[in-house]
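Input: a single structure, listed below in structure tokens.
Hydrogens, waters and symmetry mates play no part in the numbers below; they use all other heavy atoms, side chains included.
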Amino acid sequence: MQNNYTTKGKHLTIHDRRNIERWLADGKSHREIARLLGKAPQTINNEVKRGMVLQQEGKGRFKKVYSADFAQANYEKNRKRSVKKLILTKELKEKILHYHKQKYSPEMMVKAKKIEAGVSTIYYWINNGHLGLTKRDMLYPRRRKAAKKRASSNFKPAGQSIEDRPEEINLRLENGHYEIDTVVLTKAKNNCLLVMTDRRSRHQIMRLIPDKTAQSVNQTLNKILKEHQILSITADNGTEFNRLSEVFSKQHIYYAHPYSSWERGTNENQNRLIRRWLPKGTKETTPKEVAFIENWINNYPKKCLGYKSPKEFLIGG
């Protein structure tokens with residue numbers, strides 16, 4: 001005898017139904033049968049009601065009894081009817097591939113672009129080759145986890161700690177508070193990206209800079225400040241950001257803890273979007289391509305914004 005109910009989704013089997021039929025014939029109550037099977041009493045009540053058939057007792061006399069075979073056949077018929085098979089039509093396939101080329105995830109295809117399929121169904125079609133794609137075509141192919149790094153005990157932050165950042169910034173209460181980062185394309189010393197992401201609206205600013213140096217960062221940031229209203233900046237402790245105070249108010253610059261990328265999670269998530277267009281190892285890009293990616297990100301719907309894009313969110317306030 002079981003003392004607890006089984007978890008939701010554990011359907012009755014033909015073996016369970018034969019036991020119910022036998023125990024009912026022995027005069028056991030629905031509640032007692034429920035305890036024996038570890039099911040809710042209401043489950044047994046519903047099952048018995050659905051499995052009743054008329055049995056002839058004599059000439060012109062019938063009574064209702066529970067039939068395990070009838071109940072099982074009824075269950076199997078209902079299960080077949082409840083599963084609606086979704087067909088991958090040519091039109092649906094073309095729509096999915098169209099948005100896949102535009103670097104949309106299956107979730108955004110369904111939630112923002114109203115593709116009539118389930119998110120898991122689209123992943124199933126991708127993984128099983130129904131869309132002509134492979135796992136290499138996935139937006140984020142799985143990679144080995146890098147070894148976790150730790151900061152030196154002698155570490156000194158480049159400036160004011162993120163721990164001193166006001167709550168209105170932490171809680172994303174207003175626009176204009178940006179996280180800053182650089183995105184390296186290759187290990188070779190060449191062009192890289194300076195990216196800034198607004199913590200609230202996820203508005204993205206991207207610029208191509210000649211190298212990952214404090215001088216290049218500051219020169220570009222100085223130009224950005226003339227075009228955009230920046231209220232605060234949160235950076236990591238990379239050497240390229242240790243002179244930000246030369247072009248921006250020191251009291252509004254905050255530095256994250258070393259090897260704590262989650263403290264700039266907004267930045268990191270946006271960088272994943274950039275990698276859809278410029279994966280690691282990309283040897284070169286152009287300012288025109290960078291401007292295209294910036295515009296694409298600012299028009300890409302976000303789950304955290306109610307499936308609005310940063311641009312739509314800013315327009316709506």
Side-chain angles (χ1 to χ4, degrees), residues 94-109 112-113 126 131-141 143 178-199 201-230 233 235-236 238 240-241 247 261 264-303 305 308-315:
E94 287 176 351
K95 279 186 179 180
I96 293 172
L97 291 176
H98 168 72
Y99 288 117
H100 178 78
K101 287 178 182 177
Q102 293 188 18
K103 310 298 182 182
Y104 274 69
S105 68
E107 181 181 12
M108 291 305 162
M109 293 180 193
K113 295 302 179 181
I126 292 173
L131 296 171
L133 303 173
T134 66
K135 290 183 178 179
R136 289 184 178 181
D137 298 310
M138 300 289 278
L139 294 174
Y140 305 120
R143 304 177 188 274
Y178 282 77
E179 295 176 9
I180 193 170
D181 197 12
T182 50
V183 176
V184 177
L185 303 179
T186 66
K187 290 183 179 180
K189 290 184 179 180
N190 56 9
N191 292 352
C192 65
L193 300 176
L194 178 67
V195 298
M196 299 185 71
T197 309
D198 181 62
R199 284 180 53 77
S201 69
R202 273 64 173 185
H203 173 256
Q204 184 85 343
I205 302 170
M206 292 175 56
R207 298 292 184 269
L208 191 62
I209 58 177
D211 51 48
K212 190 179 174 181
T213 63
Q215 182 180 353
S216 294
V217 167
N218 281 5
Q219 285 177 351
T220 304
L221 178 58
N222 208 21
K223 294 176 183 177
I224 291 173
L225 292 171
K226 294 175 183 177
E227 302 171 16
H228 300 275
Q229 185 182 20
I230 311 293
I233 295 175
D236 62 26
E240 69 271 32
F241 299 130
V247 294
S261 58
R264 297 177 300 98
T266 309
N267 234 172
E268 295 295 325
N269 286 330
Q270 295 288 77
N271 290 350
R272 283 163 63 87
L273 293 179
I274 295 172
R275 289 300 186 194
R276 294 187 188 183
W277 296 96
L278 300 173
K280 289 182 179 179
T282 300
K283 293 183 178 179
E284 59 181 44
T285 186
T286 64
K288 185 177 180 180
E289 186 177 12
V290 171
F292 166 82
I293 297 170
E294 178 189 271
N295 182 65
W296 178 83
I297 290 176
N298 287 327
N299 284 279
Y300 187 79
K302 308 280 184 185
K303 184 177 181 179
L305 301 179
K308 290 182 180 179
S309 68
K311 186 176 180 180
E312 291 171 325
F313 182 81
L314 286 172
I315 292 172

*So I274 and N271, side chain to side chain contact (heavy atoms under 4.5 Å, CB included) or not? Walk me through it.*
CA-CA 5 Å; I274 295 172; N271 290 350; 3.9 Å; yes
_Counterpart residues, ring-ring contact (aromatic ring centres under 6.0 Å, His included), relative to H228 (two or more places apart)_ = H203
*For N191, what residues pass the side-chain hydrogen bond (donor to acceptor under 3.5 Å, both in side chains) criterion, not counting sequence neighbours?*
none
*Side-chain heavy-atom pair L273, Q270 within 4.5 angstrom cut-off*: yes
_Qualifying residues under salt bridge (charged side-chain N to carboxylate O under 4.0 Å, His left out), relative to K303, sequence neighbours excluded_ = E107
*Does the side chain of T182 pick up a donor-acceptor pair with the side chain of E240 at under 3.5 Å?*
yes
_Could you measure the distance from the NZ atom of K302 to the CG atom of N269? Nearest 0.5 Å is fine._
8.0 Å
*Please walk me through it: do V195 and I205 pass side chain to side chain contact (heavy atoms under 4.5 Å, CB included)?*
CA-CA 6 Å; V195 298; I205 302 170; over 6 Å; no
*Say you draw a straight line from OH of Y99 to NZ of K113; how long is it, rounded to the nearest 0.5 Å?*
5.0 Å
*Inter-residue atom distance S201.OG - K308.NZ, 0.5 Å rounding*: 12.5 Å
*Not counting sequence neighbours, which residues clear side-chain hydrogen bond (donor to acceptor under 3.5 Å, both in side chains) with T186? List them please.*
N190
*asked:* Less than 4.5 Å apart, side chain to side chain, heavy atoms only: is that true for S105 and R276?
replied: yes
_Looking at K95, I'd like to know if its NZ atom is crowded, meaning that more than 12 non-hydrogen atoms belonging to other residues, nucleotides or ligands lie closer than 6.0 Å._
no
*Are side-chain heavy atoms of D198 and T266 found at a separation under 4.5 Å?*
no
*Excluding sequence neighbours, so at least two apart, what forms side chain to side chain contact (heavy atoms under 4.5 Å, CB included) with V247?*
N218, L221, N222
*Answer whether the closest heavy-atom distance between the side chains of M206 and I297 falls below 4.5 Å.*
yes
_T134 versus I126, closest heavy-atom pair with distance_ = O-CG2, 4.4 Å
*With sequence neighbours excluded, what pairs up with R199 under the salt bridge (charged side-chain N to carboxylate O under 4.0 Å, His left out) test?*
E179
_Residues in side-chain hydrogen bond (donor to acceptor under 3.5 Å, both in side chains) contact with T282, at least two apart in sequence or another chain_ = none
_side chain to side chain contact (heavy atoms under 4.5 Å, CB included), that's the test. Do V183 and L278 meet it? Break it down for me._
CA-CA 10 Å; V183 176; L278 300 173; over 6 Å; no
*asked:* Between H98 and Q102, does the side chain to side chain donor-acceptor pair (under 3.5 Å) criterion hold? Intermediate values first, please.
replied: CA-CA 7 Å; H98 168 72; Q102 293 188 18; 2.8 Å; yes
_Among residues at least two apart in sequence or on other chains, which ones pass ring-ring contact (aromatic ring centres under 6.0 Å, His included) with H100?_
none
*Nearest 0.5 Å, what's the CD1-NZ distance between I293 and K288?*
13.0 Å
*With sequence neighbours excluded, what pairs up with E268 under the salt bridge (charged side-chain N to carboxylate O under 4.0 Å, His left out) test?*
R264
*Kindly check if the number of other-residue, nucleotide or ligand heavy atoms within 6.0 Å of CD (Q229) is above 12?*
no
*Summary of salt bridge (Lys or Arg N to Asp or Glu O under 4.0 Å) pairs that have at least one residue in residues 289-301, sequence neighbours excluded*: R207-E294
*Among all residues two or more places apart in sequence or in another chain, which pass the side-chain hydrogen bond (donor to acceptor under 3.5 Å, both in side chains) test with N295?*
N299
_Are W296 and Y300 an aromatic pair, judged by ring center distance below 6.0 Å?_
yes
*asked:* Does any part of the side chain of I209, heavy atoms only, come nearer than 4.5 Å to the side chain of Q219, both counted from C-beta?
replied: no
*asked:* Holding to side chain to side chain contact (heavy atoms under 4.5 Å, CB included), I want the full list of residues that pass it with A214, two or more places apart in sequence or in another chain.
replied: N242, R243
*Measure the spacing between CD1 of I230 and CD1 of I180 and express it to the nearest 0.5 Å.*
8.5 Å
*Show your reasoning for whether side chain to side chain contact (heavy atoms under 4.5 Å, CB included) applies to D236 and N267.*
CA-CA 11 Å; D236 62 26; N267 234 172; over 6 Å; no
